[in-house]
Amino acid sequence: MNININKYKKNFNFKLNKKIYNFWIKKKFFNSFYNKKKKSFYLLLPPPNITGDLHIGHILNFTLLDIIARRYRMMGYNVCWIPGTDHASIATEIKILKYLNNKGININNINKKKFNKILLNWSIKYNKIIIDQLKKIGFSCDWKRIQFTMNKNSYKSVIKIFIKLYKKGLIYKKKKIVNWDTYAKTTISDEEIIYKKKKKNLYYIKYFTEDKKNYLVIATTRPETIFGDTAVCINPYNKKYKYFIKNKKKLIVPIVNRIIPIIVDKLVKKKFGTCCIKVTPGHSKEDYKIYKKHKLKIINILNDDGTLNKNCTFFKGKNIIYVRKKIIKILEKKGFLIKKKKILSKIALSDRSNTIIENKLSNQWYLKINKFIKPTLKNIKNINFYPKNKYNNLFYKWINNIKDWNISRQLNWGHKIPVYYYKNKIIVAINKKEALKKIKKKYNLKKIDKKLIIKDNNVLDTWFSSWILPVSALNGINKPNNKDFNYYYPINILITGKDILFFWVLRMIMFSSYFLDKIPFKNVYFTGIVRDKNKKKISKSLGNYKNLYLLINKYGSDVLRISILSINHDNDFIFNNKILLNSRNFINKIWNTFKVIIKNYNIYNIKKKKKNLIIKWFENFLFYKINKLNNYLDNYKFYKSFILIKNLLKKNFCSIYLEYFKKNNNNNYFKKKTLKYFLIILKILHPYAPFITEYIYKEINKKFFLKKKYITISSWPIKNKKYNIKIINKFNNTLSFIKKIKKINFKKKKNILYIKKKYFKKIKKNIYYKLIYKFSLIKNIKIKKKITNKYLLLYNNNIKYYFLKKKINFNKKKKKKIKKKILIYKKYLLKIKNNIKNKNFLLLAPKKIIKLEKKKKKDIEKIILNLKKNLLFI
RNA sequence: GGGUGGUUAGCUCAGUGGUUUAGAGCGUUUGCCUUACAAGCAAAAUGUCACUAGUUCGAAUCUAGUACCACCCA
């Protein structure tokens, strides 16, 4: 059993991590198979987008998931954690467009085939990087079940669901006004818009009546859209405009010279501008509402790339912002412009491309949402959301305001919509062959020109593959009710950022509720969002984060994981380097604890002794803490759980238990227990810092041949072992007393502690006085009948102790301190006295509290008196 | 415009079913190379618990309003 300590270097070498991880994989610890005898535990890794590599925000959620996975695995569950990546259609495509642009490559020179090849290569590259990063950080996923939303199986599932929904009449195509991203040349959903406040000019423009005798003044921030004007709208409450309404006047659009009607509607805000607006239904959602209500004309003025189209005469092909400036100049010249006014308004930006969103009329595919609402509301009640009660109301509000889902995007990268056109006929089919057959059958056609079968060129919204993921990851769509699906589904806990609550979480619930009448997950934990120094969300599109590889190579994965655990995850938080350093120190502490234990096992000096006080205390204390820990983790209080372990190791195990152990390590029983306790602490640490704990465990196993060879498959200390809280309290009393004694500045070392006889029995009950001998500078405890002013008094738990003053060094600082203390106590006493004087307090407060208050008064009065006495003799 | 969360030490944050002087980590100051750890140990200092009102015997904690910050939705 000889152990060479010199073998262990100063710090844990985290470059071994790779070996350790490969070993886990080789041993298939993370692979999960159908097993009737074991309880299933299904987890899903929220698939990161392949837009780039991972950042600390991803690692946050995944680390919490890994803690759960590893703990439940140790608890004997059959944990199946399915990893994956998301193709993120629009985000990826924009990323590539920008990448090509930066390289100076003109996108227009690239044909579709080439572009698709670039897309494919990109996805291969980043899939590799992301998976590598996930492995480096130590996530215990079942890699044999890995998903990619564009993989064959996933693709098949997506198309199958589309067709199912289409057949049920829940998918339809319609011209509606949409958000148009002029950079990516696609629609985007409302959720993908960011609103930013910005100062804008509000222009006041004259619109003359047909006879040119009168005019109305309209206010607009977008004068360039006058080409699309089809009416002017007035709020009915404004009496100024009565004349125009009564006489049913018509107006002439300046420059364009088109004649348009005046309509009246409450939709115009009373406070906005002149209370009179121009209506451009093709390019404003508000105006579109008016258009529908009043059955106006509609004119589209925009091309897909954000330039003006043929409806804008001499401005055809020109950029919007350019036209705005020009138009204002022309209006000003011709006397139509009355004034400009700066106002604060919001502009809509695309979350993906950061360009201004235009509203545009467009033909798109939609999913009818109303049939999903009932089953969703029914099922959502059975899901537990954490942190508790924080987001519940939000769900209901969103469900009640939900609109049909625009599921088509005009992109290359994504699931192609399985719709085919033949002349004027529409057919939904998996591929062209099937489309051909179906058309023949449906329309009774014998011969069809294959060339005339055209595929819909839209792809599906990226979330359309995400909302089916809990089911499709288990192949539950292509093979409904397969063995795995029935065994694992639903997910036990989903952990994700609160920012995708609507995009993803709610939609998964909708899907599972409607198709399966089941919840997709039993529990959901929403984490806060990681922010940078400027409180901005860390995100791939902003690029405000450090490369993960840099962090891993500099600090090691355990440090990264511990850093994430050192922050409360319920709210948003700021991540900085200090946290990393702090965590590194903690990992080092674990390492050194291991070293001291191994070292002390080298010493041979066998004397049989039984239990000592320290063992008695720590055993109780440990089980008390583990009980608490399990409680925290069962309620997903990760932050608290980690703080508990950290304090347990640092404050209790290292500074108290081990310090004592080092001085008394000639006892075999003590050694055995110490190792046992350390192994328990290692086990509860393992989900948080898997690499270092696995390594240490292995090293210990080399010498001591443990039951389980590897910590990953060892058992979690869950059994509710009983502990005696009295023993713990007694020990804590002792510690606090020792601290007090240590603070006294004695002239020489060995001193005698005096005590009155009546307290002696109490001591035995409250304090382990044997420990006092060992830890403080006390030679002996003696009973003294008469106490004079020659003694210094100490208080601990209502027991008085004395030291001879002449054996103590006093200085001025000490005096000041005591004076300060007296002041604080006096203040406190006043508070209590006022309470006791108060008649209402005596009448209304509970009797217990009144008693306590009176006791407190007496105690504090005594303390003040004694402090004063002490002061006199210093 | 609507909603949600937040405001506690220089910084990052905990905190309680209301009643024994408001906590941690970092930072600061002081003392220590003590054979596991200076990436450590021991100690000290630091707060009108955003503001205003209400409920109450008693409010940092409950209620309302205000201000500021952040996020979400239109």
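Convention: sequence-line order gives letters A, B, ...; per-chain numbering from 1. These figures come from a predicted structure and were not determined experimentally.
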Ion pair present between R222(A) and E358(A), side-chain N to carboxylate O less than 4.0 angstrom? yes
Could you tell me if the ring centre of F14(A) sits under 6.0 Å from that of F691(A)? no
Protein-nucleic acid N or O pairs under 3.5 Å, nucleotides 14-17 of chain B:
{"unit_1": "A14(B)", "atom_1": "OP1", "unit_2": "N568(A)", "atom_2": "ND2", "d": "2.6"}
{"unit_1": "A14(B)", "atom_1": "OP1", "unit_2": "N571(A)", "atom_2": "ND2", "d": "3.0"}

Expressed in angstrom and rounded to an integer, what is the separation of I500(A) atom CD1 from C71(B) atom P? 18 Å
On RNA chain B, does the nearest nucleotide to N582(A) precede the nearest nucleotide to I567(A) from the 5' side, or the other way round? Give the residue. I567(A)
Please identify each residue that fulfils side-chain contact (heavy atoms from CB on, under 4.5 Å) with Y639(A), with sequence neighbours left out. N568(A), H569(A), I643(A)
Would you tabulate the pairs of protein nitrogen or oxygen atoms and nucleotide nitrogen or oxygen atoms of nucleotides 19-23 of chain B closer than 3.5 angstrom?
{"unit_1": "U20(B)", "atom_1": "O2'", "unit_2": "Y828(A)", "atom_2": "OH", "d": "2.5"}
{"unit_1": "U21(B)", "atom_1": "OP2", "unit_2": "Y828(A)", "atom_2": "OH", "d": "3.4"}
{"unit_1": "U21(B)", "atom_1": "O4", "unit_2": "Y825(A)", "atom_2": "OH", "d": "2.3"}

Quick one: the dot-bracket string of RNA chain B, using Watson-Crick and G-U wobble pairs with both distances under 3.5 Å, [ ] for crossing pairs and | for bases paired to another strand. (((((((..((((.........)))).(((((.......))))).....(((((.......)))))))))))).
For K857(A), report the nucleic acid contact type (base, sugar-phosphate, nothing); a contact means any heavy atom under 4.0 Å. nothing
Just by distance, with hydrogens left out, do N61(A) and T496(A) show a side-chain donor and acceptor under 3.5 Å apart? no
B/S/- along nucleotides 30-40 of chain B (protein heavy atoms under 4.0 Å) is -----SBBSBS
Using the test ring pair (Phe, Tyr, Trp, His ring centres under 6.0 Å), find all partners of F526(A) that sit at least two apart in sequence or belong to another chain. Y391(A)
